[in-house]
> 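Before I ask anything, let me first share the structure, which is written out below as C-alpha cells.
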Amino acid sequence: MNTNLKIFNTLKRKKEDFEPINPPFVGMYVCGPTVYSDVHLGNCRTFISFDLIYRYLLHLGYKVRYVRNITDAGHLEGDRDEGDDKFAKKAKLEQLEPMEIVQKYTLGFHHVMRKFNTLSPSIEPSATGHISEQIEMIKEIIANGYAYEKNGTVYFDVEKYNKDYSYGQLTNRKLEELLEGTRELSGQDEKKGRLDFALWINAKPETLMKWPSPWGWGFPGWHIECSAMSTKYLGEMFDIHGGGMDLQATHHTNEIAQSQACNQTAPVKYWMHTNMLTVNGVRMSKSAGNGFLPEELFTGNHPLLEKGYSPMVVRFFMAQSHYRSTLDFSNEALQTAEKWYYKLMKAGQILNKLKTQDKSSVNIEELKNNCYEAMNDDFNSPVLISHLFEAVRIINSINDGKESISQNDLDVLKSLYKTFVYDVLGLTNEDIPSASNDLTTELINLILNLRMEAKKNKDFATSDKIRNELTAKGVIIKDTKDGFEWELAD
RNA sequence: GGUCAGUUGGCCGAGUGGCUAGGCAGCGGUCUGCAAAACCGUGUACGGCGGUUCGAAUCCGCCACCGACCUCCA
C-alpha cells in the first residue's frame, strides 16, 4: 500500500515516508483532555487537527484504530508528585464527588467535539478504568530494574534508564543538560534522582480518589496511563502518537521511558505534535487566563470578540493554518475565515446544478492531483484550501458560462469536493441560513416576482424599494439574467 | 542559560536554489436600469549583515527580534 504520504516525525525532526507497521492497519494514540474544567479553544485545536489527520488516513483507505484517552485521575496540581490532584481540588471547590467533576466535563468535551464535527475515536479509555493495567505495568518496570518504591510511592529511575536508553531523545537533550535545569533534592525527598517521576503515588488519609495496590492505597502518576492504555489497545509498538507540543518535553518523554522500560521496545514509530493556539502572540492556556471557551466564541459573548462565529467557521479557521504552526487568534482572521467558508459552501451548492458540455475547458485531473499532493505533504491543509479555491473559481466560471465541463469531469469534480471539503476537512454546510419553512420561501418568491414585474415596467423606484426593504430584513437578492436568486444573511 | 521553532506584501497564510501559492482588504474593468454576486486585471513581499552560487526569500555563518518548552496546561 503506497500512498505517498509524508509525516513530520518529531523523533527525527524531519518528514518521513509514512509506512505503517502492519498495513493497512494504523494505530494512532492521541493524548486527550484532563477533564477537570471546560476545554478551551486551544485544546480544541489539537483535537481538530488530529481529526483532520484521522479523516485523511481513513480516506486513504487505512484501517485506523484511533485511541484518545480521557484523563480522569492522577493529574496533580504541581509537578512535585505531592498534594491533591486536580479532580479532588475541583470537587472540594464545587462540593461534588470527583467523579461528578469527571462526568460533567467529559460530557462538555464531547458536546464541543460534536459541534466541531469531529469523528469519535475508536476507543476513548479513561485512566480510572485502567488502574489494574497501570499497576501491572509498574510492577514490570520495577522487575526490570527501572523503578523503586519508597513509602508507598513508586518512582521511575531516570538516571538508571538513561544508562541503557536515551531519555531526552524526543527533545534532543542530554541528561546532563536536563539535570542542570532542576532543583537540588532536599533531605526529605524520597526520590533518588532529581529527574525521577512518580509512577504510583501513596494516598494520604484525606485523598479522595485511591485504589489498592501492591504498595498500599494510592493512585497512578499522570504519565503511566498513556503508556498502559496505548500498550493495551495498540500494542507494544504502534504507528502514530500525537498530542500538543507542550506535552513533548515531559509527558511524552516519560511515556517513552515507561513503555521502553516495561516492554523493551520503542513504543511509537511516528511522533506528531501540534502547535499552540495563541492570542496576541501569547499561548492560550488555562493558567494565563486568556482561554476562550468554544461557547463564548459561538455566541460572541467575550470582551475580545466583536461577534460570534459558527463552529464550522472556526473549524475552517483552524484548517487554514498548518498543524505545526502557531495559529494566532483574532477577529480579523475569523472574519476572513467566515467569508472563505461561505464562499466554499456556496460553490458546493452551485456545483450540484452545473450544466455539462461535450468538452471541458478546465483541467480537473490536475486539480485533483494538487489536492492529494498537498495533503500527502504532512497534511498541509492550507495548501489544500488554496487548491479548493481554484475549484471554486472553476465552478463559478462554469456557472457564468465562461468555462465548460464534460459530464465525466463534473463527476470527478463533485467527488473531489465531497472528499476534501466534507470528508477530509470535515466541514458541513448546516450553517448556511435558509428560510425556516415553505410559507416563508413562497412569500419571498412572491414578493420577488412582483419586483421582477416592476423591473420589466422600468419602475425602478418600486423594485429598489422592495430590494432595500428585504435587504434590511436579511434577505440578500441577486439578480440573474432571466430572474433572481436570494438567500438569508446570517 | 539549554532545547526547538519562527520573522514573508495593508492583513491572514503557503512555499521553494532560477518558472516568484491562495485568500481577505484596496484599486481598475466585464456584467447590471442601478446594485449585489460572480469573473478578469492589478500589488514584484520574504528581519539585518556577511558568505557559497552564473543566480538566494530559499543553502551556510553571525546578529537582532518574537515565541514555545525546560514548573500544571492540547
Side-chain angles (χ1 to χ4, degrees), chain A residues 10 13 30-34 36-37 39-50 68 75-80 83 85-86 168 170-174 176-178 180-183 195 222 242-251 253 273-278 281-288 291 317 320-322 324-328 330 332-340 343-344 346-347 350 370 374 377 380-390 392-393 395-403 455 458-460 463-464 467-468 471 476-481 484-487:
Chain A
T10 309
R13 280 165 285 279
V30 172
C31 287
T34 302
Y36 71 103
S37 66
V39 286
H40 62 67
L41 207 64
N43 305 123
C44 295
R45 186 193 180 196
T46 292
F47 304 128
I48 291 172
S49 294
F50 281 105
R68 187 183 64 205
H75 207 149
L76 296 181
E77 275 296 312
D79 195 37
R80 300 288 180 82
D85 79 16
K86 295 185 177 199
L170 197 56
T171 46
N172 195 26
R173 299 167 80 194
K174 294 189 171 62
E176 301 75 56
E177 294 167 2
L178 288 163
E180 279 172 26
T182 58
R183 73 206 165 96
L195 289 168
W222 174 35
M245 241 176 64
D246 51 343
L247 300 180
Q248 189 181 329
T250 306
H251 184 57
T253 290
H273 289 97
T274 56
N275 215 318
M276 299 292 107
L277 181 68
T278 60
V282 180
R283 171 183 172 184
M284 182 181 285
S285 73
K286 284 169 184 167
S287 49
F317 165 69
Q320 55 97 34
S321 87
H322 187 83
R324 283 189 289 113
S325 302
T326 53
L327 172 61
D328 197 58
S330 71
E332 204 184 351
L334 279 166
Q335 274 158 20
T336 302
E338 190 167 57
K339 284 175 188 163
W340 284 23
K343 221 174 148 170
L344 202 57
K346 265 185 245 167
I350 293 170
N370 288 341
D377 183 16
N380 199 327
S381 54
V383 171
L384 168 67
I385 286 171
S386 78
H387 295 310
L388 290 176
F389 275 97
E390 172 65 10
V392 169
R393 190 194 64 77
I395 290 166
N396 286 327
S397 293
I398 295 167
N399 195 39
D400 286 356
K402 287 170 181 159
E403 303 273 11
K455 276 178 68 180
K458 307 244 183 255
D459 180 5
F460 298 123
S463 74
D464 287 355
R467 183 172 65 198
N468 291 340
T471 302
I476 298 164
I477 295 154
K478 298 170 194 171
D479 290 350
T480 58
K481 257 198 188 111
F484 55 81
E485 287 175 358
W486 61 270
E487 63 186 55

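Chain letters run A, B, ... following the sequence lines, proteins first and then strands; every chain starts at 1.
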> Which nucleotide in the set B:C72, B:G22, B:U3 lies at the smallest distance from any side-chain heavy atom of A:Lys86?
B:C72
> What integer number of Å spans the P atoms of B:G55 and B:U44?
25 Å
> Taking the side chain of A:Asp464 as heavy atoms from C-beta outward, which of B:A74, B:G15, B:G33 is closest to it?
B:G33
> Quantified in whole Å, what is the P atom distance between nucleotide B:G26 and nucleotide B:G33?
25 Å
> Go through the steps for A:Thr171 and A:Glu177 under the test side chain to side chain contact (heavy atoms under 4.5 Å, CB included), then give the verdict.
CA-CA 11 Å; A:Thr171 46; A:Glu177 294 167 2; over 6 Å; no
> Using a heavy-atom cut-off of under 4.0 Å over every strand shown, decide if A:Gly243 touches base, sugar-phosphate, or nothing.
sugar-phosphate
> Do A:Asn275 and A:Arg45 have side-chain heavy atoms sitting under 4.5 Å apart?
yes
> From CZ of A:Phe389 over to P of B:A38, roughly how many Å is that when rounded to an integer?
11 Å
> For the side chain of A:Asn396, starting at C-beta, report the closest nucleotide among B:A74, B:A38, B:C40.
B:A38
> Given B:G13, B:A74, B:A25, identify the nucleotide with an atom nearest to the side chain of A:Arg45.
B:A74
> Roughly how many Å is it from NZ in A:Lys346 to C1' in B:A36, rounded to a whole number?
10 Å
> For B:C59, which nucleotide in any strand shown is its Watson-Crick or wobble partner with both distances under 3.5 Å?
B:G51
> Compare the minimum distances between each of B:A74, B:G15, B:C39 and the side chain of A:Asn380, then state the nucleotide with the smallest one.
B:G15
> Expressed as a whole number of Å, how far does the C1' atom of B:A57 sit from that of B:G13?
16 Å
> Tell me the partner of B:C19, counting only Watson-Crick (N1-N3 plus N6-O4 or O6-N4) or G-U wobble (N1-O2 and O6-N3) with both under 3.5 Å; none if nothing fits.
none
> Are A:Lys455 and A:Asp479 close enough that some pair of their side-chain heavy atoms sits under 4.5 Å apart?
yes
> A:Ile385 near the nucleic acid: base, sugar-phosphate alone, or nothing, with a heavy-atom cut-off under 4.0 Å?
nothing
> Check whether any side-chain heavy atom of A:Phe460 sits under 4.5 Å from a side-chain heavy atom of A:Lys458, and report yes or no.
yes
> Would you find a donor on one side and an acceptor on the other, under 3.5 Å apart, between the side chain of A:Ser321 and the backbone of A:Phe317?
no
> Have a look at A:Lys458 and say if it touches a base, only the backbone sugar-phosphate, or nothing, with a 4.0 Å heavy-atom cut-off.
nothing
> Looking at every strand, decide which applies to A:Gln248 at a 4.0 Å heavy-atom threshold: base, sugar-phosphate, or nothing.
nothing
> Measure from the side-chain heavy atoms of A:Lys339 and tell me the nearest of B:C4, B:C24, B:C11.
B:C24
> Provide the distance between the two P atoms, one in B:C4 and one in B:C60, to the nearest whole Å.
14 Å
> Determine the Euclidean distance between corresponding C1' atoms of B:G17 and B:C31; express it in Å to zero decimal places.
44 Å
> Round to a whole Å and report the spacing from CG of A:Leu388 to C1' of B:A21.
13 Å
> Rounded to whole angstrom, note down the P distance from B:A14 over to B:U32.
40 Å
> Indicate, with a heavy-atom threshold strictly under 4.0 Å, whether A:Ser285 touches base, sugar-phosphate, or nothing.
base
> Which nucleotide sits closest to the side chain of A:Ile476: B:G15, B:U3, B:A36?
B:A36
> Could you check which of B:A14, B:G22, B:A74 has an atom nearest any side-chain atom of A:Ser325?
B:A14
> Select base, sugar-phosphate, or nothing to describe what A:Gly32 touches, counting heavy atoms under 4.0 Å on all strands.
sugar-phosphate
> For B:G29 versus B:G22, give the span between their P atoms, rounded off to a whole number of Å.
23 Å
> Please report, rounded to the nearest Å, how far the P atom of B:G15 is from the NE2 atom of A:His322.
7 Å
> From the set B:C40, B:A74, B:C34, return the single nucleotide nearest to any side-chain atom of A:Met284.
B:A74
> Measure from CE on A:Met245 to C1' on B:C70 and round the result to the nearest Å.
12 Å
> For A:Leu334 and B:C11, what is the distance between atoms CG and C1' respectively, to the nearest whole Å?
14 Å
> How long is the line joining CG of A:Leu384 and P of B:A21, in whole Å?
18 Å
> When rounded to the nearest Å, what value does the distance between P atoms of B:C62 and B:A5 take?
15 Å
> Let me know, please, whether A:Asn43 or A:Thr326 comes out on the 5' side of the other along RNA chain B by nearest nucleotide.
A:Thr326
> When you measure from the side-chain N and O atoms of A:Lys343 to the phosphate of B:C24, is any distance below 4.0 Å, counting only OP1 and OP2?
yes
> Is A:Asn172 near enough to B:U3 that one of its side-chain N or O atoms lies under 4.0 angstrom from OP1 or OP2?
no
> Is the cationic atom of A:Arg68 (NZ for Lys, CZ for Arg) positioned less than 6.0 Å from the six-membered ring centroid of A:Phe50 and within 45 degrees of its normal?
no
> Does A:Thr253 reach the main-chain N or O of A:Gln248 with its side chain, forming a donor-acceptor pair under 3.5 Å?
yes
> If we ignore hydrogens and angles and just use 3.5 Å, is the side chain of A:Ser381 paired with the main-chain N or O of A:Gln320 as donor and acceptor?
no
> With both distances under 3.5 Å as the test, what is the Watson-Crick or G-U wobble partner of B:C4?
B:G67
> Which nucleotide in the list B:C34, B:A25, B:G22 gets nearest to the side chain of A:Asp479?
B:C34
> Take A:Arg467 and A:Thr46, find for each the nucleotide of RNA chain B with the closest heavy atom, and name the residue whose nucleotide sits nearer the 5' end.
A:Arg467
> So, does A:Arg324 get its side chain near the phosphate of B:C4, meaning an N or O under 4.0 Å from OP1 or OP2?
no
> Rounding to a whole Å, what distance do you find between A:Asp377:CG and B:G15:C1'?
10 Å
